[in-house]
Amino acid sequence: MKRPRLKHAELFGERVKLVPLDPRFADTAFDVLHENEDILRWLVWDGPACREEVADFYCRWIVPSGNGDDYHFAILDVETEAFAGSIGPRFAGHPTTGDVGYWLDPAYWGRGFMTEAVRMVTHLAFRYLDAAVMTAYVFVGNAGSRLVLERNGYRMAHLSKAKVMKGGVAVDEWYFTILRHEFERELGDYKPVREVVELE
Ligand SMILES: CC(C)(COP(=O)(O)OP(=O)(O)OC[C@H]1O[C@@H](n2cnc3c(N)ncnc32)[C@H](O)[C@@H]1OP(=O)(O)O)[C@@H](O)C(=O)NCCC(=O)NCCS
């Protein structure tokens, strides 16, 4: 069966706006991320080695595969349009199981930005991309990320011992999941303030 694929998407919330990643955000992203342990200590990725690495990655917001696509959005402050971080629902290898990953510039922490970004991406996945389940892996101890997910109806399914290696150390992860009916039950008929979604 042919799976839905995004051609273009922009989601507008009360605090943030999600737009496709674009090279024009790459320099800011590098400046925020490079050797920033406040962010990187919570990611499997160790961050970019050079500006070119980010610029190259930000050229493609869709990473297609024959078996599920990965999408990468920039998170913008809806008032100023400034770049604040990134979020992506990823389906590669599991077309009906989406995995959401994200990071935010610490200058914007604690303002509800990621709670809204995760809500919009989860809505996108269930409403348009036919996701059966949305998931997230969170390093144990990342209380902020856990709250973001729980406020959107995600629940911890299990704890994976020694799931990844970070800096030579085995890290445990919480595995969060949410089904479509759980999202609808928790969030009602949630919709972003405005959305522009084009499918192939
Ligand atoms: C985790 C992260 C995404 C949260 O983004 P955010 O926009 O600040 O989140 P929100 O404001 O929507 O909500 C976070 C909530 O958690 C709380 N919180 C944040 N850090 C916390 C901590 N260490 N302990 C307890 N609560 C915490 C915030 O106060 C906020 O609650 P409040 O609204 O009651 O004040 C952001 O801090 C981040 O990018 N961290 C580094 C990268 C990362 O962890 N990525 C996720 C990997 S799974």
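Order of listing sets the numbers, starting from 1, for every ligand and every atom in it. All values derive from a computational prediction rather than experimental measurement.
Of the listed options F176, W109, W103, W109 places a heavy atom closest to atom 41 (C) of ligand 1.
Not a single heavy atom of F139 lies less than 4.0 angstrom from ligand 1. In this structure, R41 has no heavy atom closer than 4.0 Å to ligand 1.
Protein heavy atom nearest atom 30 (C) of ligand 1, with residue, atom name and distance: R151 NH1, 4.0 Å. Among protein heavy atoms, atom 20 (N) of ligand 1 sits closest to G144 CA, 3.6 Å. Atom 25 (C) of ligand 1 has A143 CB, 3.6 Å as its closest protein atom, hydrogens excluded (heavy atom only). In this structure, atom 45 (N) of ligand 1 lies nearest to the protein heavy atom Y102 O, 2.8 Å.
Criterion: ILVMFWY side-chain heavy atoms under 4.5 Å apart, direct or through other members. Under it, I39 and V148 are part of a common hydrophobic cluster.
In the model, T135 has no side-chain atom that pairs as donor or acceptor with a side-chain atom of Y154 under 3.5 Å.
In this structure, atom 35 (O) of ligand 1 has its sub-4.0 angstrom surroundings free of protein heavy atoms.
Between R51 and D31 a salt bridge is recorded (basic side-chain N to carboxylate O distance below 4.0 Å).
Numbered from 1 in the order shown, with element, the atoms of ligand 1 that lie under 4.0 Å from a heavy atom of G110 read 6 (P), 8 (O), 11 (O). Residue L43 approaches ligand 1 through these ligand atoms, each under 4.0 Å from one of its heavy atoms: 45 (N), 47 (C). Below 4.0 Å from some heavy atom of R111 lie the following atoms of ligand 1, by number and element: 11 (O).
Polar contact with ligand 1: present for L104 (N/O pair, distance under 3.5 Å). Below 3.5 Å of separation, one finds an N or O of G112 facing an N or O of ligand 1. At under 3.5 Å, not a single nitrogen or oxygen of V148, backbone or side chain, sits near a nitrogen or oxygen of ligand 1. At under 3.5 Å, not a single nitrogen or oxygen of L147, backbone or side chain, sits near a nitrogen or oxygen of ligand 1.
Among residue pairs with one or both ends in residues 37-47, those qualifying as side-chain hydrogen bond (donor to acceptor under 3.5 Å, both in side chains) are D46-K166; sequence neighbours excluded.
Proximity of a side-chain donor or acceptor of E150 to a complementary backbone N or O of L147 within less than 3.5 Å is not detected. No donor-acceptor pair closer than 3.5 Å links the side chain of W61 to the backbone N or O of Y71.
F30 is not listed as a side-chain neighbour of E53, based on a closest heavy-atom distance of 4.5 Å or more.
Remark: D105 CG to S86 OG distance equals 12.5 Å, nearest 0.5 Å.
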Please output the side-chain donor-acceptor pairs of residues 183-198 that fall under 3.5 Å, not counting sequence neighbours, one pair per line with the distance.
unit_1 : atom_1 : unit_2 : atom_2 : d
E195   : OE1    : H123   : NE2    : 2.8
E195   : OE2    : H123   : NE2    : 3.4
E195   : OE2    : Y128   : OH     : 3.3

